[in-house]
Amino acid sequence: MKVTPILLPALLAAVLQFNSLAQTNAPVAAPEVHQNTAIIPEPRTGSSTNRQALVLQRAKDAPGDYDIEFIGDSITQGWEGAGKNVWQEFYGQRKVINMGVSGDRTEHVLWRFEQGQLDGVKAKVAVVMIGTNNSGKNKDGTDSYTESDILEGVTAIVQQIRTLQPDTKILLMSIFPRGQMFNAQRGRILEVNQVLAKLEDVKNVFFIDIGPQLIESDGSIAKSMMRDYLHPGEAGYKIWANAIEPKLKELLAN
């Protein structure tokens, strides 16, 4: 049969419709479901397990009442390093426990909670600073976690403390800026901090942001403040201690 040019569009439409109908029974791939691993408790591996085991044992060996518990990653662990002089000045006469583990992400802190990190410990105040290790990238350059993932991870930690230690007041620190100059990672951290601030209820949770005090007027971070543009030096820890001291005095007095 000879098909006239005027019939070609109609014939083509019919063929396309037939092909579409023929494919309706083909299996359809299920949409990929995003899983936020920042809220799924996960143990550490490698040499970091030594520090992890140390802080877990630290809490088990000395249960009871505390004035302050510090919870976080290497920046919190650093109170025992670059911040040790400031620690002695501000917390040497108080009963304080350091639960900082270098490299920890939010899921690792949640795992420590599952292992009994807070069992038997009754602190008046918890100082929490976590999330920077969730803000990095994978080896292929993609973000390891979305901003929402990081937010949910930190929020889960706050909620767990509230559940496990209902009488403990929480000083939630903003995630510190990182990188010598302006960069995308620092921008992501700022976006997360904007929402973390909303966790403050002025009753049990108090948000404290010292980020602006850690950077210079041109947006850079000085080596004297953060030796590697991430971990505070003594000057950074002094800023941190001074920033939380008024609220600590108020909460400890109450």
Side-chain angles (χ1 to χ4, degrees), residues 39 41-44 47-131 153-173 199-208 210 232 237-238 240-254:
I39 60 174
E42 179 183 320
R44 296 292 298 280
S47 60
S48 57
T49 58
N50 296 331
R51 173 69 184 187
Q52 187 180 63
L54 172 67
V55 297
L56 283 169
Q57 196 62 43
R58 181 177 285 174
K60 292 177 182 178
D61 288 345
D65 295 341
Y66 282 86
D67 293 318
I68 314 163
E69 61 188 16
F70 281 80
I71 299 171
D73 48 41
S74 58
I75 297 174
T76 295
Q77 181 178 334
W79 282 110
E80 299 171 20
K84 62 183 180 181
N85 292 333
V86 183
W87 178 278
Q88 183 59 35
E89 177 185 350
F90 283 82
Y91 314 120
Q93 303 305 313
R94 292 166 169 167
K95 190 173 183 182
V96 188
I97 185 170
N98 188 332
M99 301 178 184
V101 177
S102 179
D104 259 14
R105 300 192 296 269
T106 55
E107 59 265 37
H108 302 132
V109 174
L110 292 171
W111 183 84
R112 286 197 273 129
F113 288 174
E114 277 195 346
Q115 305 309 303
Q117 179 77 87
L118 303 182
D119 295 356
V121 174
K122 186 178 181 182
K124 293 179 180 178
V125 181
V127 180
V128 179
M129 213 292 291
I130 191 71
V154 179
T155 300
I157 289 171
V158 172
Q159 291 174 339
Q160 280 284 59
I161 296 172
R162 293 288 303 125
T163 299
L164 298 170
Q165 298 176 316
D167 297 325
T168 298
K169 306 302 181 183
I170 300 172
L171 293 188
L172 176 61
M173 304 300 301
L199 294 180
E200 180 173 34
D201 59 14
V202 200
K203 180 180 179 183
N204 297 300
V205 182
F206 304 87
F207 183 76
I208 298 180
I210 66 170
Y237 283 104
K238 189 65 174 286
W240 186 353
N242 279 322
I244 64 177
E245 184 62 19
K247 181 56 69 174
L248 279 177
K249 283 182 176 179
E250 174 189 331
L251 296 176
L252 293 177
N254 292 336

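As a basis for the values below, the full set of heavy atoms in this structure was taken, side chains included, without hydrogen atoms, waters or symmetry mates. It should be emphasised that the depicted structure is a prediction, and the values quoted were computed from it without experimental measurement.
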Minimum side-chain heavy-atom gap Val125-Ile170 below 4.5 Å: no

Spacing of CG belonging to Asp104 relative to OG belonging to Ser48, to within rounding of 0.5 Å: 7.5 Å

Heavy-atom closest contact (Thr106 atom, Gly131 atom, distance): CG2-CA, 4.4 Å

Under 3.5 Å: donor-acceptor pair, side chain of Gln117, backbone of Val55: yes

Euclidean distance, Leu252 CG relative to Lys247 NZ, rounded to 0.5 Å: 11.5 Å

Closest approach of Lys169 to Lys203 (non-hydrogen atoms, all atoms of both residues): NZ-O, 3.3 Å

Candidate pair Glu200 and Leu172, rule side-chain contact (heavy atoms from CB on, under 4.5 Å), full reasoning: CA-CA 8 Å; Glu200 180 173 34; Leu172 176 61; over 6 Å; no

Whether Trp87 and Phe70 hold their rings parallel, tilted or perpendicular, with breakpoints at 30° and 60°: tilted

Polar side-chain atom of Asp67 near backbone of Lys95 as donor-acceptor pair, under 3.5 Å: yes

Stepwise side-chain hydrogen bond (donor to acceptor under 3.5 Å, both in side chains) check, Gln165 with Gln160: CA-CA 8 Å; Gln165 298 176 316; Gln160 280 284 59; over 6 Å; no

Where His108 and Glu42 come nearest, the two heavy atoms and their spacing: CD2-O, 3.0 Å

Minimum side-chain heavy-atom gap Val127-Ile71 below 4.5 Å: no

Min side-chain heavy-atom separation Met99-Arg112 under 4.5 Å: yes

Leu171 side chain near Ile68 side chain, heavy-atom distance below 4.5 Å: no

Full working for side-chain contact (heavy atoms from CB on, under 4.5 Å) between Tyr66 and Lys124: CA-CA 6 Å; Tyr66 282 86; Lys124 293 179 180 178; over 6 Å; no

Rounded distance [0.5 Å steps], CD1 in Ile161 versus CZ in Phe113: 4.5 Å

Interatomic spacing from CD1 in Ile97 to OH in Tyr91 - rounded to 0.5 Å: 15.0 Å

Gap separating the NZ atom of Lys122 from the OG1 atom of Thr168, nearest 0.5 angstrom: 8.5 Å

OG1 on Thr49 to CG on Leu54, rounded to 0.5 Å: 11.5 Å

Carboxylate-amine/guanidinium proximity below 4.0 Å for Glu69 and Arg58: no

Side chains of Phe207 and Leu199 in contact at under 4.5 Å (non-hydrogen atoms): no

Asn85 and Lys238, any side-chain heavy atoms less than 4.5 Å apart: no

Within-4.5 Å side-chain heavy-atom neighbours: Lys84 and Trp79: no

side-chain contact (heavy atoms from CB on, under 4.5 Å) between Leu248 and Glu245, intermediate numbers included: CA-CA 5 Å; Leu248 279 177; Glu245 184 62 19; 4.1 Å; yes

Heavy-atom side-chain contact between Glu114 and Leu110 under 4.5 Å: no

CD (Gln93) with more than 12 external heavy atoms under 6.0 Å: no

Pair Arg105 + Asp73: basic N to acidic O under 4.0 Å: no

Residues Trp240, Val86; criterion side-chain contact (heavy atoms from CB on, under 4.5 Å); working and verdict: CA-CA 9 Å; Trp240 186 353; Val86 183; over 6 Å; no

Shortest non-hydrogen separation from Pro232 to Tyr237 and the atoms involved: O-CE1, 3.2 Å

